[in-house]
Structure formats: C-alpha cells, structure tokens
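Below is one structure, written out as structure tokens, with a few remarks after it.
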Amino acid sequence: MRIPWIGALLAVLIAPGGSAMSAARRTALREQVREMFVHGYEGYMKHAYPADELRPLTCGPLLRASDPGNMGIADVHANASMTLLDVLSSLALIHPSALPAALERVNQTSFASDARVQVFEMTIRALGSLLATHQQLLAFPSSPAEQAARLGVQGEVDVRQYASRMLDLARDLADRLMPAFKTSTGIPLARVNLAKGVERGESMETCLAGAGSLILEFSLLSRLTNDSTYEDAARRAFLALWHRRSDADLLGNAIGAGHGMWLQPGLSGVGAGMDSFFEYALKAGVMLDDPTYLDIFQDAYTAIMNHVRTADGMIYRPVQLRLLTAPQNTIIDSLSAFFPALQVLAGDVDAAARAHLVWWQLWRRFGGIPESWDVGLRQIGWAGWPGRPEFVESTYYLYQATKDDFYLEVGERVVADIRAKTTTPCGFATVKDLETGELEDRMESFMLSETLKYLYLLFANEPFPNRNEVFTTEGHALHMPRPLLQPPTAARRALHRNEDVQCPAPVGPTLGGLAVGARGRAEYDYARMLVWGAAGGEEELPEGGQCTVPLPPRYSFELVLSPPAHDAAAPPPPPPPRDKSPGTDKVRLNAHGDFEIANVDGLHLTVRWRLDGQGYDVSHIGPHRVRTGQQVVLTDRKMAGLVPRPSPPPPAPHAPAELLLRLTAVPPSSAAGRAHAHHPPPEPVAVLALVAATATFGRAFACSPAAGLSFAVGSGNVPLLARGSDGCAPGPWRLGPYVALVERGGCTFLDKAVGAARAGASGLIIVNGPAAPGDDDDGESAGGGGGALVRPSAEGGDAAALEAVRDLGVLFVEHNLGRVVAQLAAAGHRLGVVLEALGDGDAGHWDGGAGAGGGYGRAGADDDVEGRLVVNDWEICNLRVLPAG
C-alpha cells in the first residue's frame, strides 16, 4: 500500500531532528546497560574482591600501591573493598539479586587499616554509599518474602537487618576522618591515616572541592545519629572557604589549611579541584532546606557566569582569581563536564544545553572526553579517559528536564563507545589514550557506581525525586527525612516573606513553530566549530560570511539609579558615593514582604538574569538580598514616572533578518484539472512553515512591495521552481513571477543571485547543504536540520552585479525545504511560497533592535503612570517605580 503524500512529508520533516526513540529501543538499551553493570560487578567480585579495585586486562586484583607518592591509587585504596562499597547503593536498582550477598560481605568490612587516604574520596565513595544504603534498606518492606520478591530472589531474605550496621560503619569511618579537621582555620587536611590519624609531616595543602564537598554526607550522618559533631565540622570548613572568596565572589583551587590562603597558580573555575564545592552548595540547600547554602550558590554561580563563562556562553574556562583574565592557553578538563547537570538542577536549562553541546562534540570526535583539552589550539592535553561519569550525568539531567530524545541518542553513542573501546573479559578498562586506543589495566569504581548508573537511569526514565533528595557527587542518593529538617527561625521567615522559588519550565528551540530539539539550537554548529574547526570532516564556514557567534545577555551587573538630567544636552552629574550600609530611611522591608526604596542616593543595585529569559530581576540592594518573588518598589519622588522606553535602535540594513516562509502545494490530481465555471482553480495548501534568513544584499524585505515586485511579505502565493542544481550555470529565462530554488555551494551567493535575476526570477531561495561527509555514522546533520541560519552576504561584490540583483529578494533556508520540495516535485505537486513577518509566537528574531541601548524615560505629562526600568531593551521585572505624590 502506498503511503499518502502527507505521511511521506511528515517523515521527511521528522528525520532531520532525529526520529523519536522507540520504547522498545530504549528498553533494549536499558537492559544492555544492566548487562554491562553486571559484567563489571561480577568480574570484580570474581577476580579482585576483597581488593579495592580490579585489573580488567589481566583479570586480577589491583592492590594498594607500595609507593605512597602514587596518590592516584593510594588516595582511594583503603584496603576495604572500595569498589564493593562504592557500588553498594546501586545494586538494589540495577543488580538487585546481588544485594543480600554484598551486604553480608560489607557487614564484615573494617576501616581499621594502616592506610593514608584522601578524606574527600573516602567521604564520597564509602561514607556516602553506606548512608544511601542505610536509607534504602529502611525503605524495604518488613516481610522477608516481600523483600525477596522485590530483589528477584527465591524464598525469603531479610536485608533490613543490615540497616543499622551500615550506619554504624558510616559513623566509624567518619570518626576516623575527623582528625583532619583539627586545623586553626577549620579547613580539613586532604589526607588522614585511618588507623593513626594525621601522620607526622602531613601536607597542609588541600583544594576547594576536597575540603568543601563534605557537607551532604556529614550533615546527614549528624542528623541520623543525633550528633552534631560531623555537620558542625563540615559546615565550618565550607564557610571558611567561602569567606575567603575574592571581591568578585570567586574562589581559588589550592589552599593552605593552616594559614587559609589561596596557593599558586591562583586560578578559579569549575574544573578539577573546584567542581563539587558549587555542586554541594546547591544540593545542601536542597537537602537541608537551608537558604545559607542556596545564597552562597547563587552568588558563586553569578560570579562564574560573569567571569568564568566565555562571552559566547559555551565554555567555562579557568580565570585568574584576582586579575579576572584567562590564562594564555585555555585548558578545560573532563571534570567540568558535570556543570550542565548542576545548571539543570539550578533551573538554568538553557545555559546547560548550550554548554553540553561542546562536551558532546568532544565525545563525537574522540569517543570519550579527554582529561584535558586546549580550547584555542583544539588539541588534547591529556588523552586519557578513565570512565568518568560527568558528561553522562549532565546528559541524564538534561533529558529529565527537556525530554528531548537527542539526549537518549547521546547516551546510545556513549554506550556503544564504552562497549567497543573498554570492554574486557572481566570488566572495563581505563582508556589511557583516546587517540591511539591504548588501554590501562585499571577499572575505577565510578565506572559502575556513576557512569553506568546514570546511563541506566537515562534509559529507565527515572525522574528526579520530588523531595529533599539529591545525588552526591559520587551518585549516591541521599535524602533528609522531614522530621530531621531544622525549622526556620522567625527572622528567617520574615526575610523570606513573599519568596517564590520555582524553576521555569524549559522551552526548547523551534523552527517555523516546529520543535527541533538540541540539534536545532543555533549554537549546535558553533559548538562543532569550536571543537572540530573548519576542517576535520566538518562543514566549513558559511559562504561569504562567518559562523554565527552566540552572544547571550550579560548575566549580572550593578546599577546606580539617579534621575535623568533636566537638560538632556548637559553631561550627567557624577553618582553620589556608595552607601555601604543604607538605613531604613532609604531601604526597608514593608508589611507585604517587599522592599521599598525611598531614597536612591548612594544605592547600588545588582540585577541578575532571570532563568525564564524574560529579563532581569534586582538581586541585591546594597547589602540587602532580594529573594525570588519579592518586589522592589521605588518611591523616591526624584525617580517617579519612569517607563520602559528604550533608545531608538539604529536603522538596520536589509531588515528584518528573518521571515516566515510557508511552502504551498497543489496535489497532482488537482493541478491537472482544468478550471472552468463549475470548477475554479484549486487553492494551494500550506504544507510546511520554516524560518528563512534574508540576505544583506538585493531587495530589502522591510520595504513596501513596489510595482512589479511580487516576492514580498503580503504579496501572496508565488510559484516556486526548483532548478535541481547549485544555480551557478546560466539557466533558461522564464516568464515570471516565480521564485527559483537552488542548492548551496559551487559559487558565491552573489553569483547565484545574478543568474536568477537574468533568468527572470522575482526571488531566490538558497538551500543549505546536506549532511557533511563522515557525519552519517551517528545521524548528525551538517548544516541541515540543526544548523544555525546564515544571512547571505556579498562583501566585495562587483557594483554592476549588485545593481543587477537590486530588485531580487534572496533568502537562505535549511536543508529541510530542499528535501520536501524534491519529494513533492517528484510526485507532481505544483509548488509555491508565501512570505510572512515573524510574529511573537514564531521562531527567530528581528535584527532591527540589535545593539540598541536601553534606559529609562519619563512618562511625559502624565506623571501618575507607574514606571518600569529597562536595560538594553530588557525589563527589570521585579522593580516598580510608583507615581509621584
């Protein structure tokens, strides 16, 4: 049976964005990951247990290094079966039948080992897993038969009996780590001997992440045991680090636990040595319901977005802690691939999706994330990949937030690469060099406890827990029971009155009103260029122009409010000195829980980008923090009557930048019929709508249609002629009006336009090219279906040629249109196009306001109008200016 033509059309439309993954395929991938997990776990238990790790190439145990200087192994080898401990909390989910035997083995574990280990690694791998397992076991039913049924084993089993033992082991381990906290600053030492405490001559150097990522595990342990010692120590360490932030709210990497000063090279960022501090700031706020940690996260995140994020919003690179400048060589490391996951949890899904694209391109290029990457040189620094989970974790979070099947496809590629590159007869090996494929005889425990766990969760579609539950930085799920949450004080309730903390629902990219997913983001091809460059099998820069560089709005900045000068020609007066401690005569919290500003003199307001993309909110009034949902009411009479009236934008050449193009078709049976009195000509039916970019030469579509110009907004349906070529060779002249459709490439945009004009066309549509060579292996589309639109240009073009195309309208569209046109034309449809201006509900943007300045203006003679403030055309949404009087 033949597929109806509209069905074939829909098949074409769906393909470029990647077809939706079927439930059967997703289930198959989930089970494939389960088999991989079981393979690695059983391989460890058979060939390595009770050693800490497995040698997957030789299928033997990896023992603790005799050289204490080999910290890569010594830091995590406690002679306590660390792989079993780290994986324990994942067994109930992925390999439940193995849980009873695993618990019995852990029941016999002892931490009384003469082993110098890292406090951070023992906390996240062992302590976190023991606490998570304790909470899991308490959630099992009391009936042994029901427990056995849940675990998929025969008969009866009682795993709840081990719950108290897991908590006892956790407390014993924490007690052995506590000597590290005995410093004058409260910042713990990096290492401690589990049997002897702090060894003589122990180094005082530690790092931000190592000392500041203990608050989740230690706080939960304190609340469960009713002993505040652990939480107090971790909280003191966390705050001690934050109190040593720079004036820009940035934190360093290495720090001296004794003197509390940042050590060289004095870099700040989100990578190795710093990453999980920010993660635990946000997650502690969630799990503990403590705004102290949330406030710290918000301030730290603002500093990261202002100084660590590149101007294009794609990369988070290290910067000098004091100078706020990036090093000469910009190096990013694989651990910072966790940051998109954190951004999703914080509600900044758009920024997360943008950053994830760079890591995805790195994975596509190398089949893994190299330990370090030189952004400027596009070269690997350290080529290893030990099975790190950070990229997979971010992929899981983004899928949960967006439900975009693109992230399932990313996970499928990751699974395929792990299986092809790292699988051994008894486990999964570390990739020593991604470029050569050389392997190393080691399987880190996080390959099972995190990487495969997040992949399993991705395909199992496990949602985020809707309670005070978080995944630790090692992937262990912890939650604070409600009775153990500390109630807010009266002062806290007053400060947080009117607070409305919520995450905006993410809105994905669209093309002509159709959702296109992550591949349809304007930044997709730009991220590819950042990693691959213009060569290397990837598409080259657009003809006649350059790749579009994304420029997200500035995340946060300060404002000094002062009334506009009465004489517009006079220079503005200097702002008054900053008032660092404004009194209640200037700023107060009113009875409604909102801030009132009665006097703006000396006040500095900080505004922060809203995560819903609607503009800015005031986040600080001097030292006062404005909570989400709180309003700022400006009652100073000097500022009355201000309204959002941006400065008029400069005239933009060839505006608008984009139009909505509708493809119309008349089926062959209707097109073949003759019109007569009883059968009028058939009406064309719109079958596809998409955004088209206008050229910066030829006819400007913003102009009103002139006599004889039929290809314009509002001019109706215009016949479309697909030439089936690149339009570089002269074509036959045809009686117009009609629009020619040609393929990209072969000659310049201007050459194509001249040829179309000489052939009698009223307009020209240039279709982007198909997938680039080398991309077919994973379904990528180079320039089609997911790339950013470019505006055809004619820089350096001959004056005579430009004059020849003066009345020709030129558009550029993605490859979708060419594919649909070819299919419909082959089926005998009569085609046409209609142009419309983009409305508020359509995709795309107008170029006319680009670069327009913002500000404020008076409401005119009507001074009783409530005012608003705008900055660069973005409204400050929570700030109102009350009328005078």
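Bear in mind the structure is a predicted one, so any value in this text is a computation, not a measurement.
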Can you tell if the side chain of [X] reaches within under 4.5 Å of the side chain of [Y], non-hydrogen atoms only?
X	Y	value
Ser449	Glu474	yes
Leu288	Arg223	yes
Leu173	Leu194	yes
Arg191	Asp75	yes
Asp52	Leu62	no
Met71	Gln118	no
Val76	Met82	no
Val119	Leu189	no

Does anything in residues 125-138 pair up under salt bridge (charged side-chain N to carboxylate O under 4.0 Å, His left out), and if so which pairs, sequence neighbours excluded?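 Passing the test, one end in residues 125-138: Glu121-Arg125, Arg125-Glu444.
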Inter- and intrachain pairs under salt bridge (charged side-chain N to carboxylate O under 4.0 Å, His left out), touching residues 289-303, at least two apart: Arg235-Asp290, Asp289-Arg492, Asp295-Arg625, Asp295-Arg627, Asp299-Arg608, Asp299-Arg625
Is the backbone of [Y] close enough, under 3.5 Å, to the side chain of [X] for a donor and an acceptor to pair up by distance?
X	Y	value
Lys196	Asp114	no
Ser213	Ser276	yes
Gln147	Val159	yes
Arg26	Phe459	yes
Ser81	Pro50	yes
Asn79	Ser113	no
Ser445	Thr83	no
Arg244	Gly260	yes
Thr424	Pro56	yes
Arg493	Pro488	yes

Any chance you could measure [X], atom [atom1], to [Y], atom [atom2], to the nearest 0.5 Å?
X	Y	atom1	atom2	result
Ile124	Ser129	CD1	OG	11.5 Å
Asn468	Leu478	CG	CG	12.0 Å
Asp333	Asp275	CG	CG	7.5 Å
Leu216	Glu231	CG	CD	10.5 Å
Ile73	Glu53	CD1	CD	7.0 Å
Glu393	Leu458	CD	CG	12.5 Å

Excluding sequence neighbours, so at least two apart, what forms disulfide (SG to SG under 2.5 Å) with Cys426?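 For Cys426, the residues satisfying disulfide (SG to SG under 2.5 Å) (neighbours in sequence not counted) are Cys59.
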Between [X] and [Y], what is the shortest heavy-atom contact and its length?
X	Y	value
Pro179	Val192	CB-CG2, 4.3 Å
Ala51	Leu63	CB-CD2, 4.0 Å
Ala352	Pro340	CB-O, 3.3 Å
Gly40	Met443	O-CE, 3.7 Å
Ala233	Met178	CB-CE, 3.8 Å
Glu156	Ala148	CA-CB, 4.0 Å

Crowding at CD, Gln108 (>12 non-hydrogen neighbours, <6.0 Å): yes
Before accepting this row, confirm whether a basic side-chain N of the pair Glu450/Lys453 lies closer than 4.0 Å to the acidic partner's carboxylate O. no
So does Arg236 pair up with Asp232, basic N to acidic O under 4.0 Å?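 Asp232 and Arg236: not salt-bridged.
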Between Tyr407 and Gln400, does a side chain to side chain donor-acceptor pair (under 3.5 Å) hold up when you go through it step by step? CA-CA 9 Å; Tyr407 298 107; Gln400 287 295 328; over 6 Å; no
Could you give me the CA-CA distance, side-chain angles and deciding distance for Leu251 and Met274, then say whether side-chain contact (heavy atoms from CB on, under 4.5 Å) is met? CA-CA 8 Å; Leu251 295 160; Met274 300 169 283; over 6 Å; no
Do Leu250 and Val308 pass the side-chain contact (heavy atoms from CB on, under 4.5 Å) test, and can you show the C-alpha distance, the side-chain angles, and the key distance before you say yes or no? CA-CA 9 Å; Leu250 290 174; Val308 175; 4.2 Å; yes
Working note: Ile304 + Phe339, criterion side-chain contact (heavy atoms from CB on, under 4.5 Å); need CA distance, chi angles, decisive distance, verdict. CA-CA 11 Å; Ile304 290 168; Phe339 201 62; 3.9 Å; yes
Can Trp359 and Ile332 be said to form a side-chain contact (heavy atoms from CB on, under 4.5 Å), step by step? CA-CA 10 Å; Trp359 298 109; Ile332 57 175; 3.8 Å; yes
So which of Leu131, Leu88, Leu138 actually passes side-chain contact (heavy atoms from CB on, under 4.5 Å) with Met166?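 Testing Met166 for a side-chain contact (heavy atoms from CB on, under 4.5 Å) against Leu131, Leu88, Leu138 leaves exactly one candidate, Leu88.
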For Met36, give me all partners under side chain to side chain contact (heavy atoms under 4.5 Å, CB included), at least two apart in sequence or on another chain.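 Residues passing side chain to side chain contact (heavy atoms under 4.5 Å, CB included) with Met36: Val415, Ile418, Arg419, Phe428, Leu452.
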Checking side-chain polar atoms at under 3.5 Å, does Ser334 have a donor or acceptor matched by the opposite partner on Glu371? yes
Under 3.5 Å side-chain donor-acceptor pair for Tyr301 and Gln343: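 Result is yes, a qualifying pair exists.
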Pairwise ring pair (Phe, Tyr, Trp, His ring centres under 6.0 Å) hits with a residue in residues 112-145, at least two apart: none
Within residues 210-238 or reaching into it, pairs that qualify as ring pair (Phe, Tyr, Trp, His ring centres under 6.0 Å) - sequence neighbours excluded: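 Sorted pair list: Phe181-Phe218, Phe238-Phe277, Phe238-Tyr293.
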Given Glu217 and His476, is the side chain to side chain donor-acceptor pair (under 3.5 Å) satisfied, shown in steps? CA-CA 10 Å; Glu217 295 87 350; His476 302 301; over 6 Å; no
Aromatic rings Phe37 and His95: how do their planes relate, parallel, tilted or perpendicular, breaks at 30° and 60°? perpendicular
